[in-house]
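Proteins get letters first, then strands, A, B, ... in listed order; numbering begins at 1 in each.
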Amino acid sequence: MIEEAVISRVLGQALRTGGDFAEVFVEDKRSSSGRFDDGKVEELGSGRDRGAGIRVVVGETTGFAHTADLSETGLLAAAEAAAGAARGGGGGVRVVELSRVDTSSQPVGTRPEEVAKATKVELLQRADAVARSAGGGAVKQVSASYGDSRRRILVANSDGLLASDDQTRTLFVVGVVAAGDAGMQTGRRSIGHTMGFELFDRYQVEDLAREAAEQALTKLQARPAPSGALPVVIGKGGGGVLFHEACGHGLEADHIQKNVSVFAGRVGQLVASPLVTIIDDGTIANEWGTFAIDDEGTPAQRNILIQDGVLTDYMWDQIRARKEGRALSGNGRRQSYKHLPMVRMTNTVLTNGDTAPEDIIADTPNGVYVAHLGGGQVNTATGDFVFGMTEAYLIEDGKITEPLREGNLIGNGPKVLEMIDAVGNDFEMGPPGTCGKDGQGVPVGDGVPTLRVTSLTVGGTAA
Amino acid sequence: MSEELLQIGDRIVALAKAGEQVEVVVGRSTSTEVRVYEGDVEQLASATSAGIGVRVISGNRQGFAYAGSLDQDVLAETLAEARDNATFATPDEWLGLAEPDGVAVPSLDLYREGLSKISTESKIDLAIELEKAVRASDRRITGIDAADYADGVSEGAVVTTTGIRAASRDSSCYVSVSCVAHDGDDTQTGFGFSVGRMPEDLDIEAAAADAGRRATRLLGATQPKSGRATVVLDPYVTAQFLGIIGSTLSGEAVLKGRSLFAERIGEEVAAAAFTLIDDATNPLAYSASETDGEGLASRRNLLIEGGRLNQFVQNAYTARRSGTVSTANAVRGFSSTPSVGCRALSLAPGTKLQPELLADLGDGVLISSVSGLHSGVNPVSGDFSTGAEGLRISGGQLAEPLREFTIASTLQRMLAEVLAVGADLEWLPMRSAGVSLVVRDVTVSGA
């Protein structure tokens with residue numbers, strides 16, 4: 001993308017005012033998208049974002065500047081601005097020698113940019129046709145969207161690191177609105193992987209469309225969700241967002257260092273049921289939160305956060321790891337070259353237990369079964385979190401019975417981790433997610449087997 | 001300055017072929033963001049970004065492309081991409097760019113030349129002052145995880161082959177802080193902010209006091225028992241609630257069968273106390289703007305009047321297809337085509353401040369913050385369920401703090417059960433204004 005000699009000079013300029021650490025992050029991202037809605041191909045779109053972000057760290061201060069001008073002049077000007085923002089005591093010329101880190105990007109079978117636009121449009125049409133034909137006229141509206149992106153990044157820093165990655169992601173989403181006597185309901189399904197157009201060899205958009213339509217149609221019969229504390233069984237797959245919120249964010253080292261996490265100071269302690277092992281793993285082949293290097297150039301890693309209920313470690317980025325003199329964990333990520341990296345999750349999973357999922361349900365006299373979750377939110381300082389249930393059912397006498405209308409569940413992270421009393425053996429990754437933190441969104445994955453929490457507050461309206 | 005952006009638009013529009021409509025949106029912004037921690041600068045970022053979005057409509061087909069750059073080679077490539085994309089879209093007879101409609105562009109005075117002359121040091125000082133003020137506000141405040149100052153100038157231009165040539169420019173700044181309070185084993189958090197167009201508009205003391213009060217008043221909170229209650233939404237919560245109501249009034253949601261309120265123009269959809277206005281010409285609104293995303297003059301739209309549904313909001317496309325006119329509610333950045341959305345929502349305020357509303361009410365729950373609105377509210381079905389924190393209202397006064405509960409109802413029912421709107425209207429850093437709102441018969445789920 002840019003010559004090594006230029007990068008060396010830019011890093012030298014960035015350190016001119018006495019910086020302890022300097023970094024150049026270059027990004028070139030191309031994306032394409034298609035949207036089918038209301039029976040029409042509404043629009044195809046293309047996007048191009050290209051630029052560099054430069055940061056300089058002096059003591060506890062980080063200076064940052066970004067530019068869309070990738071010429072040496074443009075980069076030097078950004079380096080000057082970042083250095084000016086983080087002024088140190090020393091100064092003088094430093095020469096940075098770079099050595100390239102070997103990494104291998106996730107393999108791509110078929111480059112999406114080489115697939116004809118007409119082929120992408122056809123996927124959208126097929127999804128629309130299948131979703132509309134479901135439910136004998138009850139399906140009133142269908143939207144389908146396709147997206148792919150190729151993000152090439154290069155990271156170099158004053159420690160001499162030079163690393164690059166080429167990340168291709170492909171995504172497909174179907175949304176359905178159905179109407180019945182009790183109003184309208186929605187269904188939604190998405191698939192997304194760090195891979196190319198071969199995504200559609202692995203999945204059929206027709207299946208996705210059918211499932212989205214079924215979800216909306218099922219909910220037409222839904223009754224109001226209960227209100228109050230109940231046992232909750234979380235279905236395999238998308239239930240991972242529960243742990244993303246309940247403990248993932250609280251294990252990010254930035255929250256720990258500022259003492260705004262309920263998990264601060266608890267490494268080595270039992271923080272969860274012994275049935276719980278939680279791993280953040282940026283290396284799982286082709287997953288949505290997978291990459292070769294994070295946005296600071298650190299190779300992706302598999303990090304055990306909680307093992308058999310014991311907190312083993314937090315997640316780290318460059319700034320926080322430097323401060324504590326410890327190894328990087330591959331969790332330094334950013335939305336784009338316009339953003340500073342911070343500690344972020346990758347693919348967060350709760351590993352298999354040994355109970356059959358049907359036994360967990362049969363062993364629950366009454367409660368709620370959550371088949372699909374929406375997003376969530378957490379307050380890391382108090383541990384209180386919520387997440388939405390987009391498809392849920394009542395459990396009565398150990399059987400899944402009636403569908404429930406949507407609602408949020410609320411709980412407290414540390415308490416919920418202790419209240420997990422059954423973990424299934426049917427682990428699955430969930431749908432692609434976007435994690436928002438401090439205004440930045442990054443792609444993440446989640447996965448869980450079926451599991452049960454002895455008590456969560458269900459926010460419905462039924463008595 | 002904006003003339004330069006208009007000229008970039010002119011140059012691309014001039015390349016339109018016969019029978020082709022071309023719209024160019026150019027955006028450019030500069031920003032400074034400062035974060036301080038324990039009296040020192042933790043992060044200081046300064047940036048300039050620019051980009052362009054091109055929409056082409058040809059043979060009733062639409063295509064779009066954008067680029068985060070104003071480089072010459074990129075501009076030409078973007079037009080070519082948009083043109084190519086258009087060939088794959090389904091023809092739609094209602095497609096078309098906005099056209100000048102004779103409404104005069106208001107002069108809102110949203111730009112301050114002086115912002116660029118403010119030194120970085122004085123911006124840092126504001127954030128440090130804010131952090132100190134929060135710490136000093138209460139001895140139980142034990143941590144400040146972020147104290148920020150940020151400002152920015154953004155400029156935009158829209159040029160089309162249909163005769164639109166509009167430019168806008170505004171400046172804004174804000175401070176925000178989030179803090180942690182401890183008492184014994186209990187931890188709570190609070191946030192505060194202040195917004196303005198120049199640093200001198202910012203009220204550091206008020207932002208600090210808000211953050212401290214929000215955190216400390218929740219110390220000792222317990223989970224309430226489940227039941228039904230009348231709730232009072234704090235202004236900040238009401239503003240978030242209005243954002244959701246606004247999304248159900250989009251002409252696009254109506255056309256596509258995703259609005260709760262389709263076919264209900266002229267009907268009672270809310271209690272009589274509920275009058276909802278969308279007005280981006282109000283200079284007090286943080287999101288005020290002289291023109292919309294398609295370059296039409298902003299205007300005041302009365303959406304719900306005394307509980308009666310008066311109109312939906314429209315952009316050029318949804319208006320044409322609905323047989324009406326654009327209400328100047330095209331919402332977009334340069335990286336997307338215009339959607340339809342409310343731009344500066346507010347309720348017509350009532351006559352009583354929050355303490356009087358509480359006194360009238362007697363018993364209920366004050367909702368001081370909500371979480372998970374994006375996951376627990378479905379604007380299509382109307383199901384509403386959100387995590388909440390707050391205080392019990394007992395004997396007309398605030399009583400013990402409450403946490404880890406949800407409030408649930410449906411949007412339709414909440415609108416019908418609005419008992420009163422407060423007099424405490426305030427503009428917040430979002431597309432809607434806050435005001436206290438009293439809503440009857442909401443389900444509280446807790447222990």
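Only the side chain of E77(B) comes within contact range of chain A, with at least one heavy atom under 4.5 Å from a heavy atom of that chain. Contact of V180(B) with chain A is made through the side chain alone, with heavy-atom distances under 4.5 Å. Proximity to chain B is limited to the backbone of Q257(A), based on heavy atoms less than 4.5 angstrom apart. Residue S369(B): no heavy atom, backbone or side chain, is found under 4.5 Å from chain A. Only the side chain of R35(B) comes within contact range of chain A, with heavy atoms under 4.5 Å apart. The contact between S371(B) and chain A is made by backbone and side chain atoms together, counting heavy-atom distances below 4.5 Å. Proximity to chain A involves both the backbone and the side chain of D84(B), based on heavy atoms less than 4.5 angstrom apart. Residue A50(B) does not touch chain A at all, counting heavy-atom pairs closer than 4.5 Å. In this structure, chain B has no heavy atom under 4.5 Å from any part of V262(A). With a 4.5 angstrom heavy-atom cutoff, I319(A) does not touch chain B via any of its atoms. Residue contact with chain B, scored on non-hydrogen atoms closer than 4.5 Å, is absent for V56(A). Of the atoms belonging to K338(A), it is side-chain heavy atoms, and not backbone ones, that fall under 4.5 Å from chain B. Heavy-atom distances place the backbone of F405(B), and not its side chain, under 4.5 Å from chain A. When heavy atoms are compared at a cutoff of 4.5 Å, T120(B) does not approach chain A at all. Looking at V74(B), only its side chain comes within 4.5 Å of chain A, counting heavy atoms on both sides. Heavy atoms closer than 4.5 Å to chain A are found in the side chain of R228(B), but not in its backbone. Using a 4.5 Å cut-off between heavy atoms, R30(A) touches chain B through its side chain atoms alone.
Each of V57(A), D254(A), V260(A), T390(A) has some count of heavy-atom pairs under 4.5 Å with chain B, and the biggest count is that of V260(A). With respect to chain A, the highest number of heavy-atom pairs below 4.5 Å among I407(B), T142(B), N85(B) belongs to N85(B). In terms of non-hydrogen atom pairs under 4.5 Å with chain A, the most contact-rich of G257(B), S381(B), G387(B) is S381(B). For the set T189(B), L373(B), D40(B), T78(B), the entry with the most heavy-atom pairs within less than 4.5 Å of chain A is T189(B). Among the candidates A85(A), P224(A), G374(A), G84(A), the residue making the largest number of heavy-atom pairs closer than 4.5 Å to chain B is A85(A). The residue among L95(B), D145(B), T87(B) with the most heavy atom pairs within less than 4.5 Å of chain A is D145(B). When each of T443(B), D383(B), T187(B) is checked for heavy-atom pairs under 4.5 Å with chain A, D383(B) comes out on top. Most heavy-atom pairs under 4.5 Å with chain B, from the set G63(A), G388(A), G47(A), G407(A): that is G47(A). Note: I410(A) leads D438(A), I410(A), V386(A), D69(A) in heavy-atom pairs under 4.5 Å with chain B. Of all the listed residues (A68(A), G51(A), A118(A), A81(A)), the one sharing the greatest number of non-hydrogen pairs under 4.5 Å with chain B is A118(A). Considering only heavy-atom pairs separated by less than 4.5 Å from chain B, the leading option among N412(A), V121(A), N259(A) is N412(A). Note on S49(B), S335(B), G63(B): by heavy-atom pairs under 4.5 Å with chain A, the leading option is S49(B).
Within the 4.5 Å cutoff, the side chain of R223(A) has heavy atoms near those of the L404(A) side chain. S259(B) places none of its side-chain heavy atoms less than 4.5 Å from the side chain of R264(B). Residues L456(A) and F387(A) meet the side-chain proximity criterion, which asks for heavy atoms closer than 4.5 Å. The side-chain heavy atoms of S339(B) and E252(B), taken from C-beta on, include a pair separated by under 4.5 Å. For the pair Q240(B)/V377(B), no side-chain contact is recorded, criterion being any heavy-atom separation below 4.5 Å from C-beta on. Side-chain contact between M342(A) and Q43(B) is absent, with no heavy atoms from C-beta onward closer than 4.5 Å.
At a heavy-atom cut-off of under 4.5 Å, chain A is reached by Q223(B), S226(B) from residues 218-227 of chain B, listed in order of number.
For the residue pair D148(B) and Y174(B), no side-chain donor N or O sits within less than 3.5 Å of a side-chain acceptor on the partner. Inspection of the S445(B) and S227(A) side chains reveals an N or O donor paired with an N or O acceptor under 3.5 Å. Using modelled atom types, one finds no donor on one side chain facing an acceptor on the other under 3.5 Å when comparing D441(B) with S409(B). For the residue pair Q215(A) and R188(A), no side-chain donor N or O sits within less than 3.5 Å of a side-chain acceptor on the partner. A side-chain donor from one of T337(B) and E43(A) sits under 3.5 Å from a side-chain acceptor of the other.
For the pair E81(B) and K117(A), the salt-bridge criterion is met [side-chain N within less than 4.0 Å of a carboxylate O]. Under 4.0 Å is where a charged nitrogen must lie from a carboxylate oxygen, and between E252(A) and K437(A) at least one such pair does. Taking the charged nitrogens against the carboxylate oxygens, R258(B) and D37(A) do have a contact shorter than 4.0 Å, which makes a salt bridge. Taking a cutoff of 4.0 Å between a charged side-chain nitrogen and a carboxylate oxygen, D92(B) and R321(B) do not qualify as a salt bridge. For D38(A) and K40(A), the salt-bridge test passes: some basic side-chain N is under 4.0 Å from an acidic carboxylate O. Salt bridge K219(A)/E406(A): present, at least one basic N to carboxylate O contact under 4.0 Å.
The main-chain N or O of R403(B) is never found under 3.5 Å from a side-chain atom of D384(A) such that the two would form a donor-acceptor pair.
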- Item | Steps toward side chain to side chain contact (heavy atoms under 4.5 Å, CB included) verdict (E27(A), D49(A)) | CA-CA 8 Å; E27(A) 179 180 46; D49(A) 289 285; 5.6 Å; no

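Judged as a ring-ring contact (aromatic ring centres under 6.0 Å, His included), and not counting sequence neighbours, H255(A) has no contacts.
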